[in-house]
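Residue numbers start from 1 in every chain, and the chains themselves are labelled A, B, ... in the order their sequence lines are given, proteins ahead of strands.
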Protein chains: 2
Amino acid sequence: MSTYHHGNLRASLIDTGVELARSEGPGGVSLREVARRAGVSHNAAYRHFADKDALLTEVARVGMQRLGEAMVEAVEAARPGAGATTALARLRATGKVYVGFAFAEPGLFRTAFASCPDPTDTSPALTDPDPFALLVETVDGLVAAGLVEEDRRDAMVLMCWTTVHGYATLHLDGPLRGVPGDERDAALERLLDEVEHALT
Amino acid sequence: MSTYHHGNLRASLIDTGVELARSEGPGGVSLREVARRAGVSHNAAYRHFADKDALLTEVARVGMQRLGEAMVEAVEAARPGAGATTALARLRATGKVYVGFAFAEPGLFRTAFASCPDPTDTSPALTDPDPFALLVETVDGLVAAGLVEEDRRDAMVLMCWTTVHGYATLHLDGPLRGVPGDERDAALERLLDEVEHALT
DNA sequence: AGACCGATGTTGACAGTGGACACATTCGGC
DNA sequence: GCCGAATGTGTCCACTGTCAACATCGGTCT
C-alpha cells in the first residue's frame, strides 16, 4: 500500500476529533475512535500528541475558533456605523450568537470550554478570531459611544461574558436544561434587556 | 465475618462518592473506587444504583444541598431586617457564597452541575435547601423592598444566577482559570456592583 | 547508487473502567 | 426451622489510555 504514511495525520486527527466532539461531546472523543475513523492504528496519534489531553486541547482550540468566527460574522451583520444604537446592537448580536453557538454546537461548546488550554502556560496561543478579544472590542465600542465610562469597561466585559456563559451552561448541562427552546429564547431577550439596563 | 451485609451500603456509597468528587472531581468518581473504599465488591453498587450515572446524580444532589446550606447560612448571617439595604446585602451575600462555594469545593461544585438530574423528569426531587429557590427568595426581597419592579423579577433572578454561575465556571474550568485569587475576588466585587447597578 | 537514520505508523501488551451474568450469603416473615 | 427476597461476590466482556518493541518510509550523506 502506498499510504503507510498518512501525509498530514495530525490535522486529520484533529478534524475527526472535532467531528466526534460535535456529535458526542468531550467524553466521546477517544484516542482509539479518532484513530479508527482516521483509518490509522490506535497508537499512531502518539506521534503527534503527547496524550489524550493534548488532542482535546487542540479540538478545544478549533471549537473556540469556530465560536470566534461565528461572532465576527454576527458583529459584521449587525448594523454598521459608530453610533450608540449600533454599539448596543453589536453587543446584543454578540451575546445572542454566543449562546446560539452553544445550542447549535453543544458538544463543541462544551469541549471548547472544558479542555481549553491553561492560560497561565507560557504560550497562551490564542485563536485568530478570539472570542474574548471580540467581546472586549464590542464593549470598547460602547465606551467610544459614550455609553460606558472608561473605568467600568473591565467590569462590563466580565459582566457580559459571565451572563451569556452562565446562561449557556445552565441551559446546556445545568438545572435549566430541559427548558423548551422558545421559553429559553424569550428569557434570553429579557436577560439581554437587563444587561443593557445595567450599562446605562 | 458478620458483615456480609453492609447495613446501609447505599448511603455509604454516596458518602464516599461525595468524598471522591470533592478530591478528584466528577471524573474521579468511579464505581470501582467507590466500592473499594466502601470495602465492598465492585458490583455491589448495582443493587442500589442502576448505573454509574445514577450514583453520580445522587452525589450531585448532595453537592447541590451543601451549596444550598452554605447559602442559607450566608443569608442569615447578612444583616437581618426588611429594608432595602438589607435586601441588597442579602443578594450580595448570596452571590459571594455561591462563587465562594465553587472555589472552596470545586470538585463538588462541578459534579453538582455536571450531573444534576434532568429537571424534565417526572420527579424533580429538589434538595431541601434549594439554591434556586433561595435565590428567588432573595430577589423577592428586593421586590418587597421596592428595588425591583414585579415584572422584572424573573429576569433579575436569571441575571443574578447566570452572572455568578458564569463567573464561577469561567474561573474554574474556563479561560479565566489561572487568574490569581485576589484579582478574582476584586473582579467579583466590581461585577456585583454592576449587578446592583442593573436593578436600580 | 547505496547505506543510513529519523520520522512516522503498527502490533502487542497491560491496567483500569463500566457493565452483564450466574452464584452465594444473609435477613425477615411465616 | 424454612423459604423467598434482598444483598453481596466472582467471573467475564468490551472498551479505553498508555507503554514498549518492531516495521516502513522519505530524505541525506558519501
Side-chain angles (χ1 to χ4, degrees), chain A residues 1-61 107 110-111 114-118 173, chain B residues 1-61 107 110-111 114-118 173:
Chain A
M1 217 41 190
S2 64
T3 54
Y4 184 101
H5 278 66
H6 181 286
N8 57 350
L9 183 57
R10 180 183 168 90
S12 186
L13 289 173
I14 296 177
D15 276 356
T16 61
V18 167
E19 287 315 304
L20 260 155
R22 288 186 60 192
S23 54
E24 311 284 340
V29 181
S30 82
L31 276 178
R32 290 180 117 100
E33 183 64 22
V34 166
R36 211 171 290 139
R37 297 202 184 186
V40 99
S41 167
H42 70 267
N43 247 337
Y46 281 91
R47 299 295 162 187
H48 302 274
F49 304 97
D51 54 3
K52 183 189 177 181
D53 258 3
L55 203 187
L56 265 194
T57 299
E58 291 309 304
V59 173
R61 178 193 312 287
R110 273 187 275 253
T111 309
S115 25
C116 62
D118 191 336
D173 303 312
Chain B
M1 217 44 189
S2 65
T3 56
Y4 184 99
H5 278 66
H6 182 285
N8 57 349
L9 183 57
R10 180 184 166 90
S12 186
L13 289 174
I14 296 177
D15 276 357
T16 59
V18 167
E19 286 316 304
L20 259 154
R22 287 184 62 192
S23 54
E24 311 284 340
V29 181
S30 82
L31 276 178
R32 291 179 118 97
E33 182 63 22
V34 167
R36 210 172 290 137
R37 297 201 182 188
V40 98
S41 166
H42 73 268
N43 250 334
Y46 283 92
R47 299 293 163 188
H48 303 275
F49 304 97
D51 55 3
K52 184 190 177 182
D53 259 2
L55 203 186
L56 258 261
T57 298
E58 291 309 306
V59 174
R61 179 193 312 287
R110 273 187 275 251
T111 309
S115 25
C116 64
D118 191 336
D173 303 312

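Minimum heavy-atom separation, B:D173 to A:C116: O-SG, 3.6 Å. The two residues A:L31 and A:Y46 come nearest to each other via the heavy atoms CD1-OH, 3.5 Å.
If you check distances only, the side chain of A:R32 does reach the base of D:dG17 with a donor-acceptor pair under 3.5 Å. Side-chain N/O atoms of A:H42 and base N/O atoms of C:dG12 include a donor-acceptor pair closer than 3.5 Å.
Nearest nucleotide to the side chain of A:V40, out of C:dT10, D:dC12, D:dG8: C:dT10. The B:L9 side chain lies nearest to D:dG8 when the options are D:dG17, D:dT9, D:dG8. Side-chain atoms of A:A44 lie closest to C:dG9 of the nucleotides D:dT16, C:dG9, D:dT9. Nearest nucleotide to the A:S30 side chain, out of D:dG17, C:dG18, C:dA20: D:dG17.
Atom CG of A:L9 is separated from atom CZ of A:F49 by 8.0 Å, given to the nearest 0.5 angstrom. Annotation: the span from B:H42 atom NE2 to B:R32 atom CZ amounts to 4.0 Å, rounded to 0.5 Å. Note that the CG atom of B:N8 and the NE2 atom of B:H48 stand 9.0 Å from one another [nearest 0.5 Å].
Residues of residues 46-55 of chain B that place a heavy atom closer than 4.0 Å to DNA chain D, in numerical order, are B:R47, B:H48.
Side chains of A:L20 and A:E33 form a contact here, defined as non-hydrogen atoms less than 4.5 Å apart.
Between the CG atom of A:L20 and the P atom of D:dC15 there is a distance of 15 Å, given to the nearest Å. In this structure, CG of B:N8 is placed 18 Å from P of D:dA6, rounded to the nearest angstrom.
Within the 4.0 Å cut-off from OP1 or OP2 of D:dT16, at least one side-chain nitrogen or oxygen of A:R36 is found.
Along DNA chain D, the nucleotide nearest A:V29 and the nucleotide nearest B:N43 are compared for position; the residue whose nucleotide lies closer to the 5' end is B:N43.
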